[in-house]
*Asks:* 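Sharing a structure here in structure tokens format.
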Amino acid sequence: MPILEVDSLTVDIDGEAGRRRILDDVSISLEAGEPMGLVGESGSGKSMTLRSILGMLPPGASVVGGEIRFDGRNILTSGPGGRFDQRIRGTGISMVFQEPAIALNPVMKVGRQITDAIAERRGLSKKQAHDLAVELMDSVGITDPDRRARHYPFQLSGGMRQRVMIAAALAQEPRVLLCDEPTTALDVTIQAQVLDLFRTMHQDEGLGLLYVTHDLAVVAQLCSSISVMKDGQIVEHGVLQEVFDDPQEEYTRRLLTATPRIDEGVDDVGLAEETR
Ligand SMILES: Nc1ncnc2c1ncn2[C@@H]1O[C@H](COP(=O)(O)OP(=O)(O)OP(=O)(O)O)[C@@H](O)[C@H]1O
Ligand SMILES: [Mg+2]
């Protein structure tokens with residue numbers, strides 16, 4: 001049984017111009033240990049899909065149809081009073097947001113934010129939790145983690161905050177990790193290190209990964225399957241290599257060709273040719 005099943009999810013949002021459908025019959029099935037890429041142009045609904053899964057839709061947005069099953073249970077209604085089951089957050093499903101501002105508490109030292117996530121989950125002493133937090137910060141490429149742990153989010157660069165967020169999400173030992181452009185703000189070396197860490201997590205720990213990015217090269221390196229979104233719908237889904245080799249949708253084909261060729265060197269990029 002898949003660990004996470006989004007089944008015909010439909011979401012509307014009320015705005016100044018009236019009610020609008022932002023997710024239309026979205027279905028995604030993720031196995032434990034499966035890394036799936038979720039791609040599509042800006043505004044296609046990738047972030048809203050992830051936020052629905054975490055029960056964190058923006059004001060005005062509501063689920064009007066479908067189910068989201070975690071371990072077979074519909075978390076949209078399995079919480080107290082038939083509402084979204086918030087207990088799923090953290091140890092069940094954790095998320096690395098597109099905007100770190102949503103996830104980090106501005107008035108709490110970053111080390112403490114990770115430590116809290118760990119202590120809660122594993123019943124560790126303060127010292128043990130601190131040591132683990134420092135270890136995690138080190139594993140996402142934060143140099144001098146002992147010192148940085150004592151900083152507030154505003155004292156860190158965007159890329160550093162992003163890494164703190166990844167460490168905090170992993171600290172909770174989730175079974176599914178939702179990632180929204182988690183490495184965009186990182187330089188290439190750190191990005192490679194974080195991708196390695198994700199790879200270890202799904203291969204060794206069975207972490208299910210739903211990974212949103214514009215960077216198809218990252219999808220190619222990390223994911224085994226891919227779902228393509230357009231206008232709030234999944235228009236194509238399949239095994240990564242098959243979709244890359246033989247996309248069924250014109251839209252997918254355009255997305256793939258809009259990106260520098262993944263399996264060839266940078267020399268093959270059209271732009272480089274023209275400027276030569
Ligand atoms: N806070 C919000 N209030 C109202 N509408 C929103 C809000 N956030 C997103 N939307 C709308 O929902 C739709 C889906 O947006 P979403 O943020 O999921 O796109 P996305 O695929 O993540 O795009 P991007 O690649 O730019 O991050 C878009 O039409 C967008 O305008
Ligand atoms: Mg987005």
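In listed order, ligands and their atoms are each counted from 1. In this chain, residues are counted from 1 in sequence order.
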*Asks:* Do you see a donor-acceptor pair shorter than 3.5 Å between the side chains of Asp180 and Ser47?
*Replies:* yes
*Asks:* Assess the side chains of His214 and Glu181: does a donor N or O sit below 3.5 Å from an acceptor N or O?
*Replies:*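 Judged by distance alone, the side chains do pair up.
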*Asks:* In terms of side-chain heavy atoms, does Thr115 have a donor or acceptor partner in His130 at a distance below 3.5 Å?
*Replies:* no
*Asks:* Could you tell me which residues satisfy salt bridge (charged side-chain N to carboxylate O under 4.0 Å, His left out) with Asp144, sequence neighbours excluded, listed by chain and number?
*Replies:* Arg147
*Asks:* Pull up every protein N/O/S atom sitting under 2.8 Å from the Mg ion (ligand 2), skipping waters.
*Replies:* Ser47 OG, Gln98 OE1
*Asks:* Verify whether one side chain among Asn105 and Gln113 offers a donor that lies under 3.5 Å from an acceptor in the other.
*Replies:* no
*Asks:* Is it the case that Glu236 and Ser227 place a side-chain donor and acceptor less than 3.5 Å from each other?
*Replies:*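 Judged by distance alone, the side chains do not pair up.
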*Asks:* Would Asp204 and Arg199 pass as an ion pair if we require N to O under 4.0 Å?
*Replies:* no
*Asks:* If you measure from the Lys or Arg side-chain nitrogens to the Asp or Glu carboxylate oxygens, is any gap between Asp85 and Arg87 under 4.0 Å?
*Replies:*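 Salt bridge flag = yes for Arg87 with Asp85.
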*Asks:* List the residues meeting side-chain hydrogen bond (donor to acceptor under 3.5 Å, both in side chains) with Glu41, not counting sequence neighbours, and say none if there are none.
*Replies:*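 For Glu41 there are no side-chain hydrogen bond (donor to acceptor under 3.5 Å, both in side chains) partners, ignoring immediate neighbours.
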*Asks:* I'd like the contact residues of ligand 1, where contact means a heavy atom below 4.0 Å.
*Replies:*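 Under the 4.0 Å cut-off, ligand 1 touches Ile13, Arg20, Ile22, Glu41, Ser42, Gly43, Ser44, Gly45, Lys46, Ser47, Met48, Pro58, Gln98, His214.
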